Amino acid sequence: FVTGIRQNSAYHTNIGLVNASQFSSTQFRVKLFQGATQIGADKVTDPFAPLQAVQQPLTGLFPTANYPLGNGNNLWIQVSQENSSPTSDANANGCPTGCPGFFAYGSLLDNTTNDATTLEPQYFKSLSDAQLACLFPAQGQTVTCKSTPQFHRAVTHH
């Protein structure tokens, strides 16, 4: 899920979705909430090709929502992945299921200055150290995740 979303006269938010698998196509289900209340219908995306990334305005994902949404605060989205289909070369590369994975994020933009702030995803349950290492390996760290290729993090972010 991604919190910190705003959609009002001062700020607007773009939502980014990334199919993180090179061995599957997938769809995402995105739900928009204000506090504990889901507002608007679920948005199910068209299938994303392997490694496809899309960023679009919140108003593009949920065009029928009643904007502005109250005071535009306390908004968040929940993203889930569904209907993943392995590519024809998935099995030969050790990913018979297509090794589905994804990232979601927000970009909060100031309507006056156009300055952007990245809204990073959060998880509903805690991840183990091994799961975190698969997602965010330390610089120079080699990680093997469920018999997938090894990932190396080449850049340090501060």
Side-chain angles (χ1 to χ4, degrees), residues 1-85 87 98-129 131-141 143 145 148 151-158:
F1 65 98
V2 178
T3 62
I5 293 170
R6 291 188 183 178
Q7 195 69 37
N8 56 32
S9 61
Y11 296 96
H12 67 279
T13 301
N14 293 334
I15 303 298
L17 301 170
V18 180
N19 177 0
S21 173
Q22 70 183 44
F23 298 115
S24 66
S25 294
T26 196
Q27 288 181 296
F28 299 105
R29 179 176 299 275
V30 185
K31 297 179 180 185
L32 175 63
F33 292 85
Q34 187 159 33
T37 304
Q38 182 176 347
I39 53 178
D42 293 11
K43 168 65 177 184
V44 178
T45 65
D46 290 332
F48 274 54
L51 303 178
Q52 181 179 356
V54 171
Q55 181 174 287
Q56 60 183 315
L58 185 67
T59 54
L61 274 173
F62 299 97
T64 60
N66 189 16
Y67 295 101
L69 303 169
N71 61 8
N73 294 322
N74 201 20
L75 301 173
W76 60 282
I77 60 164
Q78 177 182 338
V79 181
S80 58
Q81 185 177 22
E82 52 188 48
N83 299 327
S84 291
S85 302
T87 58
C99 297
F102 76 96
F103 293 102
Y105 62 91
S107 181
L108 178 66
L109 293 112
D110 183 300
N111 287 337
T112 303
T113 65
N114 287 324
D115 289 338
T117 301
T118 301
L119 305 174
E120 295 190 18
Q122 301 177 50
Y123 302 94
F124 280 114
K125 63 179 187 175
S126 298
L127 299 177
S128 69
D129 288 343
Q131 291 168 322
L132 285 171
C134 284
L135 292 171
F136 310 107
Q139 184 176 8
Q141 180 183 16
V143 180
C145 304
T148 61
F151 299 97
H152 303 275
R153 181 174 175 192
V155 179
T156 301
H157 297 279
H158 297 280

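Small disclaimer: the values here were computed from a predicted structure and weren't measured.
Each of L119, V18, V79 was scored for a side-chain contact (heavy atoms from CB on, under 4.5 Å) with Y105, with one residue passing: V18.
Between the CG atom of L61 and the CG atom of L17 there is a distance of 6.5 Å, given to the nearest 0.5 Å. Rounding to the nearest 0.5 Å gives a distance of 13.5 Å between CZ of F33 and OG1 of T3. In this structure, NE2 on H12 lies 4.0 Å from CG on L109, to the nearest 0.5 angstrom. Here I39 contributes atom CD1 and L32 contributes atom CG; the two are 4.0 Å apart, rounded to the nearest 0.5 Å. Atom CG of L58 sits about 12.0 Å away from atom NZ of K43, to the nearest 0.5 Å. Distance check: N19 CG to S24 OG gives 5.0 Å after rounding to the nearest 0.5 Å.
A donor-acceptor pair under 3.5 Å is formed between the side chain of Q27 and the backbone N or O of T45. The main-chain N or O of S9 is found under 3.5 Å from a side-chain atom of N111 such that the two form a donor-acceptor pair. Side chain of S21 to main chain of G101: no donor-acceptor pair is present (N/O by atom type, distance under 3.5 Å, no hydrogens or angles). Within the 3.5 Å criterion, the main-chain N or O of Q34 finds no donor-acceptor partner in the side chain of W76.
With contacts defined as side-chain heavy-atom distances shorter than 4.5 Å, the pair I15/V2 does not qualify.
A donor atom on one side chain and an acceptor atom on the other are not found under 3.5 Å apart for T59 and Q7.
Between P50 and Q22, the shortest heavy-atom distance links the atoms CB-O, 3.5 Å. Annotation for S84 and T26: closest pair OG-OG1, 2.7 Å, computed over non-hydrogen atoms. Between R6 and Y11, the closest heavy-atom pair is NH1-CE1, 3.1 Å. Across all their heavy atoms, Q81 and P100 have their closest contact at NE2-CB, 3.7 Å.
Within a 6.0 Å radius of CD in Q56, other residues, nucleotides and ligands contribute more than 12 heavy atoms.
By the 30° and 60° cut-offs, the orientation of the rings of F28 relative to F48 is perpendicular.
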